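Take a look at the structure below.
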Amino acid sequence: MIFALIGNPNCGKTTLFNQLTGSKQHVGNFPGVTVDKKEGPIKKHEDAIVVDLPGIYSLSPYTAEEIVTRDFLIKEHPDAIINIVDATNIERNLYLTLQLAELNIPMIIALNMMDEIAANGGRIDIETLSELLGAPIVPISASKNQGVEELVRRALKIGGNKEKPKNVDFCSGDVHRAIHSIAHIICDEADSHGVALRFASVKLVEGDERMMTDLEIQPPEIDIIGHIVEDMEFHCGMDREAALADARYNYIVEAVKKTVVKPTESKEHVRSVKIDKILTHKIFAIPIFLCIMLVIFWITFGAIGAGLSDAFSMGIDAIIGVIDKGLESLAINETLRSLLIDGVCSGVGSVLSFLPTIVLMFFLLSILEDSGYMARVAFVMDRFLRTIGLSGRSFVPMLIGFGCSVPAIMATRTLSSERDRRLTVVLIPFMSCSAKLPIYATFVAAFFAEKKALIMFSIYLLGIAVGILCGFIMKKFAYEGEPIPFIMELPAYRFPAVQSVLLHMWEKAKDFIKKAFTVIFIATIIIWLLQSFDIRFNMVNDSSQSILAEVGRFIAPLLAPVGFSDWRIATALVTGFSAKEAVISTLAVLVSAGDSSQITALLPDLFTPLTAYCFLVFCLLYTPCVAAIAAVKRELGGKAAIVTVIFQTFVAWIVTFIFYNIGMLIL
Ligand code: GDP
Ligand code: MG
């Protein structure tokens with residue numbers, strides 16, 4: 001049996017999905033987190049599958065992810081719908097419920113967030129409401145795991161008996177007449193295409209083009225439908241969409257009036273409004289955001305992160321030491337020992353030692369996100385993004401981009417216009433992703449120990465600034481037009497759920513460790529091989545005679561104008577193409593031997609503080625890694641992917657060139 005989880009954005013679908021299946025999907029306190037469908041079996045009922053779908057407000061889709069949901073419902077015929085309704089926003093959520101009921105698919109309503117309603121003295125007459133809506137209701141609290149078992153029990157029963165929702169007639173008068181007249185005309189088409197008749201007729205009254213083509217309605221009938229709708233519009237004095245929306249809302253308002261005792265203004269809401277007065281203040285909002293980010297960098301790179309990272313890398317070095325001793329006592333071949341210790345261990349170790357930094361950063365960011373603050377930042381940034389022709393909606397993908405560009409590029413599916421999407425995808429790689437953290441952390445420790453947080457802050461800001469500048473230029477020359485207006489409701493501030501924060505951290509740590517032992521592992525072996533042999537495959541003592549040096553020297557002239565003339569820097573940048581962490585593992589292999597903490601001491605041979613900063617700037621801006629490029633190709637096509645690579649590298653070169661030359665003048 002297949003159950004579809006359907007509800008408005010941010011009503012708790014993913015939280016419920018995780019409770020039902022025991023899986024660990026990302027839950028965020030802002031709309032647009034789930035862009036793809038995810039499925040899994042219900043715990044203890046393995047033959048029942050639930051599918052988590054992107055949130056939607058209605059069944060008339062505008063954006064790519066809304067279409068995912070609607071197509072799933074109409075074309076894949078799930079056995080039942082679990083409609084999640086946020087009880088604290090009941091009117092708006094029921095708007096979708098009324099439409100779902102028309103689909104003629106067995107349905108159960110999960111009335112979520114009942115904990116908040118109860119805590120503020122609200123009450124809901126479940127029985128009467130369920131009668132008015134024509135489908136059974138189970139009150140639950142997904143995050144507290146209350147009522148979920150009852151929900152499963154009833155859902156299985158409804159799915160098994162194929163209990164369809166009772167048809168509720170939400171409209172009267174002209175709209176009612178129009179729906180029924182159209183239903184008579186199209187009943188054969190709806191039947192032969194397996195679409196619920198009432199749903200099809202309502203959609204045609206609304207003027208849904210997709211439904212018209214899906215049902216293959218022919219010209220004489222198209223005209224008749226057109227007349228019926230015109231007649232209706234004339235009589236009720238509203239256009240078709242408004243007339244239906246009005247009918248639905250009136251029905252919902254009446255139903256809610258009869259059954260819901262609204263909670264007194266909740267403590268949460270009063271608190272939210274108060275906090276918002278400060279955090280979304282016209283002038284102070286952006287400075288406050290910047291201060292918060294500065295504090296985050298200070299904690300991750302200075303106060304706590306550096307200590308954790310040092311302790312962790314001491315542990316790693318100890319392990320490497322033990323491995324080295326072991327290999328020695330076994331009298332393993334010297335070359336193989338060098339490959340394992342100088343290559344694999346120092347490369348993978350140098351990356352792995354930043355695990356605590358990354359986990360700490362994501363701990364802090366998920367607190368900001370889960371509390372609802374990031375949604376405010378999106379709201380505040382909207383004004384700002386508008387000036388470069390992007391809508392605030394683009395901010396969510398950009399924010400995800402600080403973690404990793406791949407899911408961020410996928411998240412652009414939430415944007416409703418192709419133009420906004422393309423523009424956003426181009427900007428995302430400028431948001432500094434977490435794979436670059438090991439590069440930054442190594443360099444600030446080696447060169448800017450006094451001003452770690454400030455340097456980091458400047459790098460992140462530079463990424464954002466360059467992104468915005470590029471957006472501005474592209475809007476002028478390539479993507480003219482206005483952004484689609486952005487409407488996002490601000491979720492209430494919530495105390496971050498420990499479970500979801502931990503989950504987020506764990507996911508990040510897992511990805512990072514996996515990458516260290518796959519991509520980075522292989523990259524270090526290749527680098528070690530290339531730097532240990534010359535073109536004739538003789539082993540070399542001095543790596544400057546190696547194949548790698550030849551290749552590096554070939555590229556180095558291109559990079560000399562931006563301050564990097566050493567072949568080792570050039571090769572490190574090239575390997576960064578596979579994954580950004582590889583820049584550091586490569587440098588570790590090339591400059592140091594063994595010990596992963598040595599790299600800090602040895603880097604000053606290669607860089608001056610100025611070129612070190614330039615290196616950070618270049619790493620921040622240059623081509624995204626293979627995975628991100630593949631994501632661009634998937635979403636926008638091969639041409640866009642190639643343009644991204646060339647464009648970003650070009651921008652990186654120009655910006656670094658400017659920094660380098662100004663730096664040379666001043667210092
Ligand atoms: P989705 O967008 O519909 O998938 O919603 P999510 O599952 O991502 O949840 C959105 C927010 O609502 C998160 O901050 C959850 O912690 C919170 N949430 C979910 N269920 C409940 C609940 O039953 N009670 C309360 N108070 N908060 C909840
Ligand atoms: Mg979700």
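Values in this document were obtained by computation on a predicted structure and should not be read as measured data. Ligands are counted one by one from 1 in listed order, and the atoms in each one are counted from 1 as well.
With a 4.0 Å cut-off on non-hydrogen atoms, Asp52 does not touch ligand 1 at all.
The pair Asp276-Arg271 does not count as a salt bridge, with every side-chain nitrogen at least 4.0 angstrom from each carboxylate oxygen. Under 4.0 Å is where a charged nitrogen must lie from a carboxylate oxygen, and between Asp71 and Lys75 at least one such pair does. Using a cut-off of 4.0 Å between Lys/Arg side-chain N and Asp/Glu carboxylate O, Asp214 and Lys203 are scored as not salt-bridged. Taking a cutoff of 4.0 Å between a charged side-chain nitrogen and a carboxylate oxygen, Lys38 and Asp52 do not qualify as a salt bridge.
Under a 4.0 Å criterion applied to the non-hydrogen atoms of Glu116, ligand 1 contributes the atoms 26 (N). Within ligand 1, the atoms closer than 4.0 Å to a non-hydrogen atom of Ser141 are 22 (C), 23 (O), 24 (N), numbered from 1 in the order shown. For ligand 1, the atoms sitting less than 4.0 Å from at least one non-hydrogen atom of Asp115 are 22 (C), 23 (O), 24 (N), 25 (C), 26 (N), numbered in the order shown with element in parentheses. Every atom of ligand 1 is numbered from 1 in the order shown, and the set under 4.0 Å from a heavy atom of Asn10 is 1 (P), 2 (O), 3 (O), 5 (O), 10 (C), 11 (C).
Ligand 1 does not have Gly7 within reach: every non-hydrogen atom of the residue lies 4.0 Å or more from it.
A parallel orientation is assigned to the rings of Phe402 and Tyr460, their planes being inclined by less than 30° (bins at 30° and 60°). Between Phe395 and Phe289, the angle of the ring planes goes over 60°, which puts this pair in the perpendicular group of the 30/60° scheme.
When only interatomic distances are considered, the shortest N/O to N/O separation between Gly12 and ligand 1 falls below 3.5 Å. Considering both main-chain and side-chain atoms, Thr14 comes within under 3.5 Å of ligand 1 through a nitrogen or oxygen pair. In terms of polar-atom proximity, Ala142 is counted as a contact of ligand 1, with an N or O under 3.5 Å from an N or O of the ligand.
No hydrogens or angles considered: nothing links the side chains of Arg198 and Asn104 as a donor-acceptor pair under 3.5 Å.
Among Gln19, Arg494, Glu369, the residue whose heavy atom lies closest to atom 27 (N) of ligand 1 is Arg494.
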